[in-house]
Q: 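Have a look at the structure that comes next, please.
Atom set for the values below is all heavy atoms of this structure, side chains included, hydrogens, waters and symmetry mates excluded. As the structure lists them, so they are numbered: ligands from 1, and atoms in each ligand from 1.
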Amino acid sequence: MTASNSPRVPVAVLISGAGSNMAAILDAAGAADAAFEVVVVISNVPEAGGLTLAAERGVPAVVVDHRGHGRDRQAHERAIQAVLEAHGVEVVALAGYMRLLSPWLVAAWEGRMLNIHPSLLPRHPGLDTHARALAAGDAEAGCTVHLVIDDVDAGPILGQSRVPILPGDDAEALSARVRTAEHVLYPAVLDRFCRDSRRP
Ligand code: GAR
């Protein structure tokens, strides 16, 4: 972790879509005793709704469109890295960032990059988690915040939240219940992580 006199850890939130988790994180950053501040939001998708939400709240919202880089994943990530460095970011929070990262960016942020996944990992990594939880007959679902490693939806688990699967649930209903839990879990875990990272 970079040494800093700032009492708040400068965080970047990476998104690809609606940004509801990002919004929850921004809300938490507004608390007087928050351990972090969001210094930049980055989206790889220019149309991502979260960009507008971030800009409305006065947070720099930057598009780094992967499509400009063809198949060169690392070139896209170098452009992201340049934005992260320009904003003095110390911790990266992936919040619905739906592009696989190369080992290069993962290594650059080892131990300092968090992700949220809409399942109780290690159960149901990957996509369509809610439909898969229902098809498997699971009694409960939930969400996981974990450190990012060079493996998809894996890495040390920092926090989990459980929700019941109710009779009559479809993927949409379950997704909404899990999403509500995400909005509580992610800001809390991020805050604790940043607080701990400041301890000598
Ligand atoms: C969230 O449910 C998040 O857990 C999921 O995408 C959604 C983004 O919603 N992430 C993944 O599936 C990553 N594997 P949001 O844009 O409204 O925060």
Q: Assign the ring pair His66 / His76 to parallel, tilted or perpendicular, where the plane angle (0 to 90°) is split at 30° and 60°.
A: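 His66 vs His76 ring planes: perpendicular.
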Q: Does Asn115 reach ligand 1 with a nitrogen or oxygen that is under 3.5 Å from one of the ligand's nitrogen or oxygen atoms?
A: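 No; the residue has no nitrogen or oxygen that sits under 3.5 Å from a nitrogen or oxygen of the ligand.
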Q: Which ligand 1 atoms are under 4.0 Å away from a heavy-atom of Arg179?
A: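 Near Arg179, the atoms of ligand 1 are 1 (C), 2 (O), 9 (O), 17 (O).
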Q: Answer with yes or no whether the side chains of Glu77 and Gln81 bring together a donor and an acceptor at under 3.5 Å.
A: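 There is no such pair between these side chains.
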Q: Tell me whether Arg198 is salt-bridged to Glu90, with the criterion being a basic N under 4.0 Å from an acidic carboxylate O.
A: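 Here Arg198 pairs with Glu90 in a salt bridge, since their nearest N and O are under 4.0 Å apart.
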Q: Who's the nearest protein heavy-atom neighbour of atom 6 (O) of ligand 1, and how far?
A: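 Protein heavy atom with the smallest distance to atom 6 (O) of ligand 1: Gly96 CA, 3.8 Å.
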Q: Would you say Tyr97 has any N or O atom under 3.5 Å from an N or O of ligand 1, going by distance alone?
A: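 The answer is no, given that Tyr97 and ligand 1 share no N or O pair closer than 3.5 Å.
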Q: Determine whether the side chains of His117 and Thr129 contain a donor N or O and an acceptor N or O closer than 3.5 Å.
A: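 Looking only at side-chain atoms, Thr129 and His117 do not form any donor-acceptor pair under 3.5 Å.
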Q: Examine ligand 1 and decide if any of its atoms is less than 4.0 Å from a heavy atom belonging to Asp153.
A: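 So Asp153 counts as touching ligand 1.
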Q: I need the Leu120 CG to Cys143 SG distance, nearest 0.5 Å.
A: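 Answer rounded to 0.5 Å: 7.5 Å.
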Q: What protein heavy atom sits nearest atom 14 (N) of ligand 1, and how far away is it?
A: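 Checked against all protein heavy atoms, atom 14 (N) of ligand 1 sits closest to His117 ND1, 3.1 Å.
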Q: Gly50 near ligand 1, heavy-atom distance under 4.0 Å?
A: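 Contact absent.
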Q: Going by the order shown, which atoms of ligand 1 are within less than 4.0 Å of some heavy atom of Glu182?
A: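 Near Glu182, meaning under 4.0 Å from one of its heavy atoms, ligand 1 has 1 (C), 2 (O), 3 (C), 4 (O).
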Q: To the nearest 0.5 Å, how far apart are CD in Glu172 and NE2 in His130?
A: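 With rounding to 0.5 Å, CD (Glu172) is 11.0 Å from NE2 (His130).
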Q: Can an N or O of Gly19 be found at a distance shorter than 3.5 Å from an N or O of ligand 1?
A: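 Between Gly19 and ligand 1 (N or O atoms, distance only) the closest approach is under 3.5 Å.
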